[in-house]
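Because the structure is a prediction, the values reported are computed rather than measured. Each residue takes its place number in the sequence, starting with 1.
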Amino acid sequence: MDTKLKDIDISVLKDVISSFSQDYKPRNDISMNDHLVDDLGIDSIALISLVISLEDHFHINITDDMMVPENFETVSSVSIMINTLLERLHG
């Protein structure tokens with residue numbers, strides 16, 4: 001079973017992230033290289049809500065040790081983290 005994020009999942013990821021962006025950008029305006037803080041205006045409080053939403057949408061558990069800046073720098077880094085968690089769950 002391929003557990004990598006597919007195009008439709010990337011679309012969901014961008015939808016989830018855009019809903020927490022203070023500098024609201026529609027999903028189709030968000031690139032994988034956009035920085036969550038610098039480009040999308042996601043602050044620390046929104047980040048916690050984003051984590052909860054990601055867990056719900058992708059049925060994953062983002063542990064405390066994964067709550068590091070490197071995992072939440074860009075849309076791409078969030079995608080990589082989610083893929084890592086999905087691979088752990090589904091082998």
Quick one: [atom1] on [X] to [atom2] on [Y], what's the gap to the nearest 0.5 Å?
X	Y	atom1	atom2	answer
Leu36	Leu47	CG	CG	7.0 Å
Asn71	Ser79	CG	OG	11.5 Å
Leu13	Met32	CG	CE	6.0 Å
Arg88	His90	CZ	NE2	13.0 Å
Ser76	Asn83	OG	CG	9.5 Å
Ile52	Phe20	CD1	CZ	8.0 Å

Exercise for review: Any chance you could lay out the side chain to side chain contact (heavy atoms under 4.5 Å, CB included) test for Val37 and Phe72, step after step, and finish with the verdict?
Suggested key: CA-CA 9 Å; Val37 174; Phe72 295 94; over 6 Å; no
Point to revise | Residue pair Ser77, Glu70: steps toward the side chain to side chain contact (heavy atoms under 4.5 Å, CB included) verdict | key: CA-CA 7 Å; Ser77 62; Glu70 298 83 32; over 6 Å; no
**Study point:** Heavy-atom closest contact (Ser21 atom, Ile42 atom, distance)
**Key:** CA-CG1, 4.0 Å
Review point. How far apart are the closest heavy atoms of Leu86 and Phe58, and which atoms are they?
Key: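 Residues Leu86 and Phe58, closest heavy atoms: CD2-O, 3.9 Å.
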Which donor-acceptor pairs under 3.5 Å do side chains of residues 61-68 form with protein atoms, sequence neighbours excluded?
unit_1 : atom_1 : unit_2 : atom_2 : d
Thr63  : OG1    : Asp65  : OD1    : 2.2

Exercise for review: Could you check Ile17 against Val75 for side chain to side chain contact (heavy atoms under 4.5 Å, CB included), going step by step and ending with a plain yes or no?
Suggested key: CA-CA 8 Å; Ile17 289 173; Val75 176; 4.1 Å; yes
Check your understanding: For the side chain of Thr84 and the backbone of Ile80, is there at least one donor-acceptor N/O pair under 3.5 Å apart?
Key ->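 Side chain of Thr84 to backbone of Ile80: a pair is present.
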Check your understanding: Is there a path of hydrophobic side-chain contacts, each under 4.5 Å between heavy atoms of I, L, V, M, F, W or Y residues, that connects Val12 with Ile10?
Key ->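 Val12 clusters together with Ile10.
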Review point. Considering residues at least two apart in sequence or located in another chain, which fulfil the side-chain contact (heavy atoms from CB on, under 4.5 Å) criterion with His35?
Key: Asp38, Asp39, Glu73, Thr74
